[in-house]
Amino acid sequence: MYDFKALYEAESVQDAIRLRLEHPGAQILAGGSDVLVQIREGRRAGAELISIYGIDELRGVSLDAEENIRIGSLTSFSHITRDPIIQSRCAVLGEAVDQVGSPQIRNIGTIGGNTCNGVTSADSASTLHAWEAIVELTGKNGVRRVPIRDFYIKAGTVDIRAEDGEIQTAILIPKASYENTFGHYIKYGLRNAMEIATLGCSVNVRLSPDKSVIERCRIAYGVAGPVPMRVPSAEAAANGAAPSLALAEAFSRAVLEDIRPRDSWRASKAFRQHIAVEMAKRALTESVRKAGGVMA
């Protein structure tokens, strides 16, 4: 049994905003792969729900006028993985969300639900941080866009203003972030499927035309702190440097200057620090390979 007080079904974005303003304490329901489980467990017993699942305009991947990738918030993980725009411009995001749960979860779970949960272990989160994604929110005051690094406020809390009737309508990946850029995501868990990440690491690089210099490097982690996080010390070590095994070593050790993992029943802080170093090294090496470079 699902113990909830009421279910309101939005027919459009504006209808969802209206319902949100009328019921500011209501929980937004997208795919429901997390919310319905929480209700069944009693953590959201008696909740009011606003379902946005029927709003088809929030589905799909496209390029806007500036060639930024626009992913509707109701786009499922399996759709993202198979989408040709993602495959040709930001394949690592499709690879990352393809590690969520099971095929059934990936068919129903959405990119909007995954980010709006605000959890640091979300498989999409570290890659979206590394690719400098922008979150689009729509409310009574119109459209507001927030860099994803600012969207996550603290564990389980994101910057959505219920008092303004806001819902998340899209995730955007700027052309400046994906153009000529190649990345790799590594998820560490005890199992290969149906597993929450013990640690997630996403790296991407842009090489010079002759492949001799890393012009730009980005790295982000999930579960290395209370929210997904970039690692500026490691990025600084790689930016402008020549790809090499020595660089990979220095880059991976630099992550320890910024990450803040904790002890939990899944893994100790020391273990997370240990695997963070190795994951950074492997993800950088693979990103450089995908970009056509060699770690000499």
Side-chain angles (χ1 to χ4, degrees), residues 10 12-14 16 28-34 51-117 122-138 143-149 151-152 158 160 166-185 187 200 202-204 206 218 220 222 228 287 290-291:
S12 66
V13 170
Q14 290 304 313
I28 297 294
L29 182 66
S33 56
D34 285 317
S51 174
I52 62 171
Y53 194 71
I55 307 177
D56 285 340
E57 65 187 279
L58 296 183
R59 289 186 171 84
V61 181
S62 60
L63 294 175
D64 67 15
E66 298 174 343
E67 295 188 63
N68 304 310
I69 300 172
R70 179 185 175 86
I71 308 171
S73 290
L74 287 183
T75 308
S76 70
F77 300 126
S78 54
H79 186 136
I80 290 169
T81 300
R82 296 193 301 266
D83 188 87
I85 292 174
I86 297 295
Q87 290 178 346
S88 63
R89 292 168 170 82
C90 188
V92 63
L93 180 59
E95 294 162 4
V97 299
D98 200 42
Q99 298 185 49
V100 175
S102 64
Q104 296 91 334
I105 295 295
R106 293 192 290 275
N107 284 339
I108 195 70
T110 65
I111 191 75
N114 203 226
T115 51
C116 288
N117 269 342
D123 285 304
S124 67
S126 55
T127 295
L128 291 174
H129 275 70
W131 291 75
E132 299 172 327
I134 297 168
V135 178
E136 180 186 276
L137 304 159
T138 306
V143 174
R144 183 167 66 97
R145 290 182 172 175
V146 182
I148 198 163
R149 66 177 182 274
F151 182 63
Y152 285 76
V158 294
I160 296 181
E166 286 187 340
I167 63 168
Q168 187 198 107
T169 45
I171 301 280
L172 294 98
I173 300 175
K175 181 181 181 181
S177 293
Y178 74 73
E179 192 170 33
N180 300 320
T181 302
F182 300 84
H184 188 62
Y185 172 71
K187 174 181 180 176
S202 190
V203 173
N204 63 70
R206 180 179 300 152
R218 299 289 185 263
S287 296
K290 290 179 177 178

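Hydrogens, waters and symmetry mates are skipped; everything else that's a heavy atom, side chains included, is used.
We find the CG-CD1 distance between N68 and I173 to be 9.5 Å, quoted to the nearest 0.5 Å. With values rounded to the nearest 0.5 angstrom, K187 atom NZ is found 11.5 Å from T127 atom OG1. Distance SG/C90 to CG/L128: 8.0 Å, rounded to 0.5 Å. Distance CD1/I80 to CD1/I85: 12.0 Å, rounded to 0.5 Å. Distance check, rounded to the nearest 0.5 Å: OG1 of T110 to CG of L58 gives 9.5 Å. Atom CD1 of residue I86 and atom CD1 of residue I69 lie 5.0 Å apart, to the nearest 0.5 angstrom.
Between the S287 side chain and the H184 main chain, a donor and an acceptor come within less than 3.5 Å of each other. The backbone N or O of Q168 lies less than 3.5 Å from a partner atom in the side chain of S73, making a donor-acceptor pair. Side-chain atoms of N204 come within 3.5 Å of backbone N or O of A130 as a donor-acceptor pair. T75 places a side-chain N or O within donor-acceptor distance of the main-chain N or O of G60, the cut-off being under 3.5 Å.
With a 4.5 Å cut-off on side-chain heavy atoms, R218 and T181 do not count as touching. Between D98 and R106, some side-chain heavy-atom pair lies under the 4.5 Å cut-off.
Nearest heavy atoms, I160 versus E166: CG2-O, 3.5 Å. Heavy-atom minimum distance, A10 versus I55: O-CG1, 3.7 Å. The heavy-atom pair separating W131 from G183 by the smallest distance is CZ2-N, 4.0 Å. Taking each heavy atom of G72 and I111 in turn, the nearest pair found is O-CG2, 3.5 Å. Taking every heavy atom of both residues into account, G94 and T81 meet most closely at O-OG1, 2.9 Å. Across R59 and G54, no two heavy atoms sit closer than the pair NH1-C, 4.4 Å.
Taking the ring axis of F151 as reference, the NZ or CZ atom of R145 does not stay both within 45° of it and closer than 6.0 Å to the ring centre.
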Chi angles and distances behind the side-chain contact (heavy atoms from CB on, under 4.5 Å) call for Y152, T115: CA-CA 9 Å; Y152 285 76; T115 51; 3.8 Å; yes
Verdict with reasoning, S78 to N107, per side-chain hydrogen bond (donor to acceptor under 3.5 Å, both in side chains): CA-CA 5 Å; S78 54; N107 284 339; 2.8 Å; yes
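A donor and an acceptor atom, one from each side chain of S12 and Q14, are nowhere located under 3.5 Å apart.
Among pairs with a residue in residues 169-179, those fulfilling side-chain hydrogen bond (donor to acceptor under 3.5 Å, both in side chains) read E67-K175, E132-S177, E136-T169, T138-T169, at least two apart in sequence or across chains.
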